[in-house]
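Read the structure below first, then the notes.
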Amino acid sequence: SADSRTARRDTHMLQCNDLVKSYRKKNAVNHLSLNLEAGKIYALLGPNGSGKTTLMKMIAGLVKPTAGSILFEGKPVDTASKARIAYMPTEAFFYSYMTGRDAGKYYRDFFKDFHMERYARYLEEMELDPSQKISKMSSGMMAKLKIALTLSRDARLIMLDEPLNGIDLITREKIVEAVTHSFTPGKTFVLSSHLVEELEKIIHHAFFIRNGELVLEGSLDDLHREQGKTIVDLYKEIYA
């Protein structure tokens, strides 16, 4: 019935159907299908070059799929959905002259759902000086700044590409904490990583991607029950 179809679509915030992205002759994403539900934290797992970033960029509307479709809240991804999807790339996306405060203003101009007060609070929690030039920040500070900016938006879908990469344990814990605190039932988080241990504590569901293909997925409970292994063990097994 139409009602059950609507209900089904409502539980799926995002649907990726048979996605392909080819660069020259190689498929970075290869006939990949997955669904995301509202109110969950997902891990997109796999080594570098497995297609995680390409997938996120397609969902964010920054890269066009070669084939397949992406539906966000039941509609094809377009400029309107970009306003409801927050994507934090791995690369730095600031001008070198900017301070932390400037970056906040830059984001406020770009995104209607950006909260300056929330951003100020995140900077304080992460022990970042808003007047410090971004060009003078360490990689750990930069990682925290990017997280603070992204989490200060009221987006429905928040995707963080390798948020724990190249930073020390304390900073990683701070970032994991920030994600947990900003999580609400209306939001969906996707965290891509090859650092699995920290994510296992906070995620609900994991997707294992290899060579652009989905090789295993499931909720943490199902994976533990069916495979009898932790996410870390499964990761080692799949990518060893």
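Below, each value reflects all heavy atoms present in this structure, side chains not excepted, and no hydrogens, waters or symmetry copies.
Between the side chain of Lys57 and the backbone N or O of Lys52, no donor-acceptor pair lies under 3.5 Å. One N or O on the side chain of Ser192 and one on the backbone of Glu162 form a donor-acceptor pair closer than 3.5 Å. With Asp233 contributing its side chain and Lys236 its backbone, the two residues share no donor-acceptor pair below 3.5 Å. Not a single donor-acceptor pair under 3.5 Å links the side chain of Gln15 to the backbone N or O of Asn35. Side-chain N or O atoms of Arg172 include one that pairs as donor or acceptor with a backbone N or O of Ile167 at under 3.5 Å. Counting only distance, with no hydrogens or angles, the side chain of Lys146 and the backbone of Pro89 share a donor-acceptor pair below 3.5 Å. A side-chain donor-acceptor contact under 3.5 Å links Asp168 to the backbone of Ile170. Checking side-chain atoms of Arg210 against main-chain N and O of Ile238 turns up a donor-acceptor pair under 3.5 Å.
With sequence neighbours excluded, the residues satisfying ring-ring contact (aromatic ring centres under 6.0 Å, His included) with Phe207 are Tyr42, His205. Listed by chain and residue number, Ile41, Phe189, His204 satisfy the side chain to side chain contact (heavy atoms under 4.5 Å, CB included) test with Phe183 (two or more places apart in sequence, or in another chain). When the side chain to side chain donor-acceptor pair (under 3.5 Å) test is applied to Thr90, no partner is found at least two apart in sequence or on another chain. Scored by the side chain to side chain contact (heavy atoms under 4.5 Å, CB included) test, Thr66 finds Val20, Lys21, Ser22 as partners (sequence neighbours excluded). Every residue two or more places apart in sequence or in another chain that forms a side chain to side chain donor-acceptor pair (under 3.5 Å) with Asp18 is listed here: His31. Checked against ring-ring contact (aromatic ring centres under 6.0 Å, His included), Tyr97 has the following partners two or more places apart in sequence or in another chain: Tyr95. Applying the ring-ring contact (aromatic ring centres under 6.0 Å, His included) rule to Tyr119 yields the partners Phe114; only residues at least two apart in sequence or on another chain are considered. Applying the side chain to side chain donor-acceptor pair (under 3.5 Å) criterion to Glu197, with sequence neighbours excluded, gives no partner residue. For Arg118, the side chain to side chain contact (heavy atoms under 4.5 Å, CB included) partners at least two apart in sequence or on another chain are His115, Arg121, Tyr122, Ser152, Asp154, Lys187. Listed by chain and number, the residues in a side chain to side chain contact (heavy atoms under 4.5 Å, CB included) with Ala155 are Ala86, Asp113, Arg153, Ile158 (sequence neighbours excluded). Not counting sequence neighbours, the partners of Lys229 by the salt bridge (charged side-chain N to carboxylate O under 4.0 Å, His left out) test are Glu237.
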Query - Step-by-step side-chain hydrogen bond (donor to acceptor under 3.5 Å, both in side chains) determination, Thr53 to Asp161 - result: CA-CA 7 Å; Thr53 296; Asp161 199 355; 2.6 Å; yes
Query - side-chain contact (heavy atoms from CB on, under 4.5 Å) evaluation trace for Arg101 with Ser131 - result: CA-CA 6 Å; Arg101 191 177 288 112; Ser131 61; 4.1 Å; yes
Query raised in the report: Checking side-chain contact (heavy atoms from CB on, under 4.5 Å) for the pair Arg156/Ile85: CA distance, chi angles, key distance, verdict?
Result: CA-CA 6 Å; Arg156 292 266 290 143; Ile85 298 174; over 6 Å; no
Query raised in the report: Under the side-chain contact (heavy atoms from CB on, under 4.5 Å) criterion, do Met137 and Leu145 qualify, and how do the steps go?
Result: CA-CA 9 Å; Met137 290 183 179; Leu145 183 77; 4.2 Å; yes
**Report entry** Verdict with reasoning, Leu32 to Leu55, per side-chain contact (heavy atoms from CB on, under 4.5 Å)
**Finding:** CA-CA 9 Å; Leu32 188 143; Leu55 175 62; 4.1 Å; yes
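One distance of note links OG1 of Thr171 with NZ of Lys144; it measures 4.5 Å at 0.5 Å rounding. Of the inter-residue distances, the one linking Leu191 atom CG with Leu160 atom CG reads 5.5 Å to the nearest 0.5 angstrom. We find the CD-CG distance between Glu226 and Leu234 to be 10.5 Å, quoted to the nearest 0.5 Å. For the atom pair CE (Met13) and OG1 (Thr188), the distance works out to 3.5 Å, reported to the nearest 0.5 Å. The CG atom of Leu44 sits 7.5 Å away from the CD1 atom of Ile59 when rounded to the nearest 0.5 Å. Here the CZ atom belonging to Arg84 is positioned 14.5 Å from the CZ atom belonging to Phe111, to the nearest 0.5 angstrom.
The closest side-chain heavy-atom distance from Leu149 to Phe94 is below 4.5 Å. Annotation: side chain of Asn165 is not in contact with side chain of Ser193 (no heavy-atom distance under 4.5 Å). Counting heavy atoms from C-beta on, the side chains of Gln132 and Thr99 never come closer than 4.5 Å. Side-chain contact check for Tyr87 versus Leu62: some heavy-atom pair is nearer than 4.5 Å. Using a 4.5 Å heavy-atom cutoff, the side chains of Ile70 and Pro76 are not in contact.
Cluster annotation: Leu199 is not connected to Leu169 through the hydrophobic network of ILVMFWY side chains, with a link wherever side-chain heavy atoms come within less than 4.5 Å.
Every pair tested for salt bridge (charged side-chain N to carboxylate O under 4.0 Å, His left out) that includes a residue from residues 129-138 fails, sequence neighbours excluded, so the list is empty.
Lys174 and Glu125 are not joined by a salt bridge, as no carboxylate oxygen comes within less than 4.0 angstrom of a charged side-chain nitrogen.
Within 6.0 Å of atom CG in Asp102, more than 12 heavy atoms from other residues, nucleotides or ligands are found, so the atom counts as buried in its surroundings.
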